[in-house]
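Working notes, beginning with the structure itself.
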There are 2 protein chains.
Amino acid sequence: MDEAFDSDLLRGSLDLMVLGVLADGPKYGYSLQQSLRTASYGRIDPKAGTLYPLLHRLEDDGLIRAKWDTSTGRKRKWYELTAAGKKRLKHQAHEWYAYADILRRLLEPVVAPPQPA
Amino acid sequence: MDEAFDSDLLRGSLDLMVLGVLADGPKYGYSLQQSLRTASYGRIDPKAGTLYPLLHRLEDDGLIRAKWDTSTGRKRKWYELTAAGKKRLKHQAHEWYAYADILRRLLEPVVAPPQPA
DNA sequence: TCCCATGCATCGCCACGCCATATATGACGG
DNA sequence: CCGTCATATATGGCGTGGCGATGCATGGGA
């Protein structure tokens with residue numbers, strides 16, 4: 001069974017993934033963690049010590065908006081994308097596509113990709 | 001004109017790119033830097049303070065082999081892949097493909113990729 | 001002759017993912 | 001009823017690695 005990816009792969013793309021998941025609708029931290037894990041077949045599993053500071057950063061940057069839900073005993077902090085967040089998501093996604101394409105082009109001749117066509 | 005990618009994108013994939021370029025044949029540090037720059041349309045341009053320590057790390061790990069060329073006035077340190085380096089290249093490349101695929105799958109529904117088919 | 005590209009190298013800074021730790025509640029089993 | 005575990009958020013210190021700054025030496029072209 002494959003295990004978690006090298007942590008360094010997350011650098012520079014974890015923000016993007018979080019924004020991407022939130023584009024699907026509001027989530028709270030813990031559920032976001034689970035969404036990432038299931039969406040990646042368990043191979044991307046950001047730790048709490050990573051995720052919460054990250055969410056605070058995104059909030060400080062105005063990319064997401066937080067709202068506490070204290071209606072139940074379990075206090076949950078729900079996050080949703082702001083307009084700026086949606087804009088950033090699009091931009092970062094295109095940056096990512098461009099980056100991945102360059103890398104793919106560089107690797108293709110030396111290491112064949114899994115399923116070519 | 002697009003500028004350089006976020007530095008953090010390089011974390012976790014710059015090693016891979018260097019190995020990928022070296023799979024094409026031996027290179028010395030400075031020429032490697034240029035290869036990466038041209039292969040990326042100028043958008044990936046690792047600094048000397050990044051590249052040389054990186055090469056030393058790869059050498060320490062036995063993934064590349066160095067040989068000084070002092071035949072000319074310009075001293076150049078040529079690097080080539082070792083067997084272990086070729087193996088690592090393949091492994092990391094597949095890791096990268098898997099990672100990129102997960103991210104692509106996550107982004108596709110929310111941000112359309114440049115050229116779909 | 002002077003400047004810039006070439007060519008290699010090291011050092012301190014900083015951002016961020018990780019682990020450890022803290023705290024509190026709900027659920028389930030014995 | 002009580003312990004244990006999943007849930008839920010948060011902070012602090014550590015380690016890693018790309019970057020800018022700096023240093024130094026040579027070759028080529030203006």
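Just so it is clear: chains get the letters A, B, ... in the order the sequence lines come, proteins before strands, and each one is counted from 1.
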Measure the [atom1]-[atom2] distance between [X] and [Y] for me, rounded to the nearest 0.5 Å.
X        : Y       : atom1 : atom2 : value
B:Leu81  : B:Leu63 : CG    : CG    : 8.5 Å
A:Arg104 : A:Tyr97 : CZ    : OH    : 13.0 Å
B:Leu106 : A:Asp24 : CG    : CG    : 8.5 Å
B:Met17  : B:Leu32 : CE    : CG    : 11.0 Å
A:Lys90  : A:Leu16 : NZ    : CG    : 14.0 Å

Please tell me if [X] has a side-chain N or O lying less than 4.0 Å from either OP1 or OP2 of [N].
X       : N     : value
B:Lys77 : C:dA9 : yes
A:Gln33 : D:dA8 : no
B:Tyr28 : C:dC8 : no

Length of the line joining [X]:[atom1] and [N]:[atom2], which is rounded to integer Å:
X       : N      : atom1 : atom2 : value
B:Asp6  : C:dA15 : CG    : P     : 12 Å
A:Tyr30 : C:dA24 : OH    : P     : 19 Å
A:Leu32 : D:dT9  : CG    : C1'   : 13 Å
B:Asp60 : D:dG17 : CG    : P     : 12 Å
A:Arg37 : D:dA8  : CZ    : C1'   : 13 Å
B:Leu10 : C:dC16 : CG    : C1'   : 15 Å

Exercise. Going by modelled atom types, is there a donor-acceptor pair between the base of D:dG17 and the side chain of B:Arg11 at under 3.5 Å?
Worked result: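 Result: at least one qualifying N/O pair found.
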For this session: Could you check which residues of residues 12-24 of chain B get a heavy atom under 4.0 Å from DNA chain C? Sort them by number, please.
Result: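 Within residues 12-24 of chain B, no residue comes under 4.0 Å of DNA chain C.
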Looking only at heavy atoms, which two atoms of [X] and [Y] are closest? And how far apart?
X       : Y       : result
A:Lys27 : A:Ser35 : CE-OG, 2.9 Å
B:Tyr79 : B:Ala66 : CE2-CB, 3.5 Å
B:Thr82 : B:Ile64 : CG2-C, 3.7 Å

Problem set entry | Residues touching DNA chain D, which here means a heavy atom under 4.0 Å, drawn from residues 42-59 of chain B |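 Contacting residues: B:Pro46, B:Lys47, B:Gly49, B:Thr50, B:Arg57.
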Exercise. How do A:Trp78 and B:Phe5 order along DNA chain D: which one's closest nucleotide is nearer the 5' end?
Worked result: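 Final value for this comparison: A:Trp78.
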For this session: Report the residues that fulfil side-chain contact (heavy atoms from CB on, under 4.5 Å) with B:Asp69, sequence neighbours left out, ordered by chain and then residue number.
Result: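 In terms of side-chain contact (heavy atoms from CB on, under 4.5 Å), with neighbours along the sequence ignored, B:Asp69 is linked to B:Ser71, B:Trp78.
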With a cut-off of 3.5 Å and sequence neighbours excluded, list every side-chain donor-acceptor pair involving residues 46-62 of chain A.
residue, atom, partner, partner atom, Å
A:Lys47, NZ, A:Asp45, O, 3.4
A:His56, ND1, A:Tyr52, O, 3.3

Exercise. Given that B:Arg76 and A:Ser7 both sit by DNA chain C, which one's nearest nucleotide is further toward the 5' end?
Worked result: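 Result of the comparison: B:Arg76.
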Side chains of residues 5-15 of chain A: which donor-acceptor pairs under 3.5 Å do they make with residues two or more places apart or in other chains?
residue, atom, partner, partner atom, Å
A:Asp6, OD1, A:Asp8, N, 2.7
A:Ser13, OG, A:Leu9, O, 3.0
A:Ser13, OG, A:Leu10, O, 3.4
A:Ser13, OG, B:Tyr99, OH, 2.6

Exercise. More than 12 foreign heavy atoms under 6.0 Å from NZ of B:Lys77: is that the case here?
Worked result: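 Yes - once you tally the heavy atoms of other residues, nucleotides and ligands closer than 6.0 Å, there are more than 12.
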Problem set entry | nucleotides 23-30 of chain D: protein proximity per nucleotide (B base, S sugar-phosphate only, - neither; heavy atom, under 4.0 Å) | ---BB---
